[in-house]
There are 2 protein chains.
Amino acid sequence: MEETLLITKALSDGTRLRIISALKGGELCVCQVVELLKLAPSTVSRHLHILSASGLIRSRKDTRWVYYRLADAGSPKKAARALKWVQGALEGDASIIQDSQALKKITRVSREALCRTQGKR
Amino acid sequence: MEETLLITKALSDGTRLRIISALKGGELCVCQVVELLKLAPSTVSRHLHILSASGLIRSRKDTRWVYYRLADAGSPKKAARALKWVQGALEGDASIIQDSQALKKITRVSREALCRTQGKR
DNA sequence: TTGACATTTCGTCATTTGACGAATTATAAT
DNA sequence: ATTATAATTCGTCAAATGACGAAATGTCAA
């Protein structure tokens, strides 16, 4: 029950549903998610932690950046099934579509706009 | 998004997951759910209302009793899919199994024990 | 080494949530 | 009619949750 509740609680927040949908297109670093959601980095980090603890997403640290992606083969089956369900439920959702539009711009210019260090080189 | 959030929020509570699992065996009246959960009737009523508002369960009023059942054919597709997922996620769960044992006793003697009026006749 | 930056952790605050009992509504028994 | 019962609604309280900024951590650049 605990494991399932971790998942349902993780899914019971609109911001976290947006994050899950945003990651459908592939991994993102925290600063990109921050840019999309327009929330404080600390807030976004907390949401990512909750999703991570539920097994719905995983993280990978590359030098100074941390990239998050949806649960995959190496993840618990329960998480994979939950993901499949919630993605179906959100299919065609207006705010999700809006986010995916915004994400296109972010992933295009993110390096210069968000990660100045990397952009300067 | 709103509709999906109603569902995920409804699923983000252990008591409500127990109710959903309890209804898998067929409809129950509020007093039977109260007996299973050992919570105040007003609390149970509130949980049932939240589940009802999300579309996951439906109610039927029969004279003095209100019976709740899982969403069925006449219910929104989104709810049906959510139900299917969560039931799978809870399959084999220890506390759910325990509840189903307790439910057997409740549905057997409920009339006399819980609904004295009906029992007396 | 020193400074800058991405991310996380922590403390605080406002809002939401779950539990309860009291009061209310609707229905049935006497 | 009056009383009793099943269920709901409402007000209150404690606990959980989400948002933020400040401080801490870890990594890279100069």
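Heavy-atom basis, side chains included; hydrogens, waters and symmetry copies ignored. Proteins come first, then strands; the chains are lettered A, B, ... in the order of their sequence lines, and each starts at number 1. Predicted model only: the values in this text are computed from it and were never measured.
- Listed for the A:Lys78 side chain is a donor-acceptor partner under 3.5 Å among the backbone atoms of B:Ala89.
- Listed candidates were C:dT8, D:dA29, D:dT5. Nearest to the side chain of B:Arg64 is D:dT5.
- Counting only distance, with no hydrogens or angles, the side chain of A:Ser45 and the backbone of A:Ser42 share no donor-acceptor pair below 3.5 Å.
- Taking atom NZ of B:Lys61 as the reference point, atom C1' of D:dA7 lies 7 Å away to the nearest angstrom.
- Considering only the side chain of B:His49, D:dT9 comes nearest among D:dT9, D:dA7, C:dT27.
- The nucleotide whose nearest atom lies closest to any side-chain atom of A:Trp65 is, among C:dA6, D:dT8, C:dT27, C:dA6.
- Across the protein-nucleic acid pair, B:Leu5 atom CG and D:dG18 atom C1' stand 14 Å apart, rounded to whole Å.
- B:Arg60 has its CZ atom 15 Å from the P atom of C:dT27, to the nearest Å.
- Atom CD of A:Glu35 and atom P of C:dA6 are 12 Å apart (whole Å).
- A donor-acceptor pair is defined here as one N or O able to donate and one able to accept, closer than 3.5 Å; such a pair exists between the side chain of A:Gln32 and the backbone of A:Cys29.
- Of the candidates C:dT8, D:dT27, D:dT8, the closest approach to any side-chain atom of A:Tyr68 belongs to C:dT8.
- For the pairing with A:Ile20, the side chain to side chain contact (heavy atoms under 4.5 Å, CB included) check across A:Ile96, A:Leu90, A:Thr15, A:Leu11 returns one residue only, A:Leu11.
- Formation of a donor-acceptor pair under 3.5 Å by the B:Ser52 side chain with backbone atoms of B:His49 is not found in this model.
- When the C1' atom of D:dG18 is taken as reference, atom CG of A:Leu11 falls 16 Å away, rounded to whole Å.
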Run the numbers on A:Val33 and A:Leu36 for side chain to side chain contact (heavy atoms under 4.5 Å, CB included), then give the verdict.
-> CA-CA 5 Å; A:Val33 181; A:Leu36 172 69; 5.5 Å; no

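- Where B:Val44 and A:Asp62 each meet DNA chain D at their nearest nucleotide, the meeting point lying more 5' is that of B:Val44.
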Quick tally for nucleotides 14-25 of chain C: nucleotides whose base has a protein heavy atom under 4.0 Å get B, sugar-phosphate-only ones S, the rest -, giving ---SSSBBB---

